[in-house]
Amino acid sequence: MLMNDQIDVLIPTCNRPGALAVTLAALIGQSHPSFRVVISDQSDGTASYDAPEAVAAIRVLRLQGRDVKTLRNLPRRGLAHQRQTLLDHARAPMALFLDDDVILEADMLERMSRALHEARCGFIGCAVLGASYAHDVRPHQQAVEFWNEPVKPEHITPGDEQWRRHLLHNAANLWHVQRALGVTAEAPRLYKVAWVGGCVLYDTAKLRDAGAFSFWRDLPPSHCGEDVLAQLRVMARDGGAGLMPSGAWHQELPTTVTERDVDAPFALDASRLPLAIAPGRVRAQIGSEVTP
């Protein structure tokens, strides 16, 4: 076990009791010895963590000696506020923001924490894979740039050439690439990203130093892209990387974020945008063909 390898797993959830239960069940088998879980719920009715299937998973985690904290964060003031609320309850040196519809392979917390310690950067992300796209091969979306030197800060502007890195995270592109290149958990690789959705491990202090999600006050409650903006700001200060191979799998449920007119990195950094790029045009979704 590495020194100071404690992780707070921070899970925002809303109206997804079944998906949350699956996500929590995958935490039960994690090989990493030292983590706690914080769940912040914004469901319309009964909290997702109070559904029987989620309660069962939480009971097992607690019997394993894991600290599981549950919160109700209402009224809704947007995703950025939801994430900031979770971060305010974090006390570990590392904070994993894990979406409520992601299934982690058993060694993911261990591998991500090791990678963050070794890279000494702001975050390590494991892009979520869409298993239903295992036979959908997209060579035109499989470009990858590896970190063959220490991870360093990068200033990425929404819509610039580096922004196109997000295409690697569509569908099952990353899964195809890591298999084709023979990248294994025993010999992992770090690669350059525009952002990573769904499963991102931060150095907690570096995330806070970059302002974290405090920009929630500058956004209307209906927004998206809050994770992207936070990562861009962390990368500009301390760098960030994707971890290959990823062992984070998407449950491929319909999004609960249906209003996407206000995209945080565009709305708050509009002065840096190329005029030809329209807000909302470059958000990558599992299985999407979104292009700038």
Side-chain angles (χ1 to χ4, degrees), residues 1-12 23-39 57 61-62 64-69 83 86-100 102-129 146-147 149-153 169 174 178 183-193 195-210 212-213 227 230-231 234-235 237-250:
M1 185 170 71
L2 298 171
M3 184 179 296
N4 294 325
D5 72 337
Q6 296 89 350
I7 298 173
D8 282 333
V9 180
L10 309 178
I11 305 176
T23 296
L24 292 172
L27 294 177
I28 291 170
Q30 287 298 310
S31 59
H32 188 79
S34 183
F35 68 90
R36 64 190 281 265
V37 181
V38 184
I39 307 166
L61 285 165
R62 287 173 172 162
Q64 288 181 328
R66 312 293 187 192
D67 180 6
V68 181
K69 183 178 182 64
R83 292 187 185 275
L86 281 162
L87 184 63
D88 289 343
H89 285 83
R91 59 182 188 232
M94 293 178 285
L96 174 67
F97 274 93
L98 181 66
D99 283 0
D100 64 357
V102 176
I103 304 170
L104 292 184
E105 294 179 7
D107 63 350
M108 285 313 305
L109 294 187
E110 184 177 356
R111 293 205 294 113
M112 293 181 78
S113 64
R114 183 182 301 115
L116 188 60
H117 275 287
E118 293 176 352
R120 299 179 180 275
C121 59
F123 70 82
I124 295 292
C126 277
V128 294
L129 310 170
F146 287 109
W147 282 107
E149 68 277 2
V151 177
K152 61 185 180 182
H169 296 165
L174 182 61
Q178 61 196 34
V183 181
T184 66
E186 294 70 32
R189 302 286 302 274
L190 298 183
Y191 64 96
K192 300 179 182 181
V193 298
W195 78 85
V196 183
C199 180
V200 181
L201 180 67
Y202 292 92
D203 179 306
T204 307
K206 289 176 180 176
L207 175 58
R208 287 176 170 147
D209 288 345
F213 303 93
D227 51 344
Q231 288 174 46
V234 171
M235 275 196 289
R237 291 172 55 94
D238 297 294
L243 178 63
M244 185 186 300
S246 173
W249 295 88
H250 197 251

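Legend: residues meeting salt bridge (charged side-chain N to carboxylate O under 4.0 Å, His left out) with Glu110, ordered by chain and number and at least two apart, are Arg114. Applying the side-chain contact (heavy atoms from CB on, under 4.5 Å) rule to Ala26 yields the partners Ile103; only residues at least two apart in sequence or on another chain are considered. Residues passing the side-chain contact (heavy atoms from CB on, under 4.5 Å) test with Thr23, sequence neighbours excluded: Ile11, Leu98, Gln251. Every residue meeting the salt bridge (charged side-chain N to carboxylate O under 4.0 Å, His left out) condition with Glu149, not counting sequence neighbours, appears here in chain and number order: Lys192. Under the rule for a salt bridge (charged side-chain N to carboxylate O under 4.0 Å, His left out), Asp203 has no partner lying at least two apart in sequence or in another chain. The side-chain contact (heavy atoms from CB on, under 4.5 Å) search around Arg237 returns Asp209, Ala210, not counting sequence neighbours. Residues passing the side-chain hydrogen bond (donor to acceptor under 3.5 Å, both in side chains) test with Arg189, sequence neighbours excluded: Asn148. Scanning for salt bridge (charged side-chain N to carboxylate O under 4.0 Å, His left out) contacts around Asp238 gives an empty result, with sequence neighbours left out. In this view, Phe35 satisfies the ring pair (Phe, Tyr, Trp, His ring centres under 6.0 Å) rule with no residue, not counting sequence neighbours.
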Tell me, with the steps shown, if His117 and Met94 meet side chain to side chain contact (heavy atoms under 4.5 Å, CB included).
CA-CA 10 Å; His117 275 287; Met94 293 178 285; 3.8 Å; yes
Verdict with supporting geometry, Ile124 and Arg111, side chain to side chain contact (heavy atoms under 4.5 Å, CB included):
CA-CA 10 Å; Ile124 295 292; Arg111 293 205 294 113; over 6 Å; no
Going through the distances and angles, do Val183 and Tyr191 end up as a side chain to side chain contact (heavy atoms under 4.5 Å, CB included)?
CA-CA 12 Å; Val183 181; Tyr191 64 96; over 6 Å; no
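Paired with Phe97 under the rule ring pair (Phe, Tyr, Trp, His ring centres under 6.0 Å), one option of Phe123, Phe213, Trp195 passes, and it is Phe213.
Side chain of Ser34 to main chain of Asp5: no donor-acceptor pair is present (N/O by atom type, distance under 3.5 Å, no hydrogens or angles).
The heavy-atom pair separating Ala92 from Thr204 by the smallest distance is O-OG1, 2.9 Å. The heavy-atom pair separating Val102 from Gly198 by the smallest distance is CG2-O, 3.8 Å.
A salt bridge (Lys or Arg N to Asp or Glu O under 4.0 Å) check over residues 28-37, counting only residues at least two apart or in different chains, returns the pairs Asp8-Arg36, Arg36-Asp67.
Around atom CZ of Arg120, no more than 12 heavy atoms belonging to other residues, nucleotides or ligands sit under 6.0 Å away.
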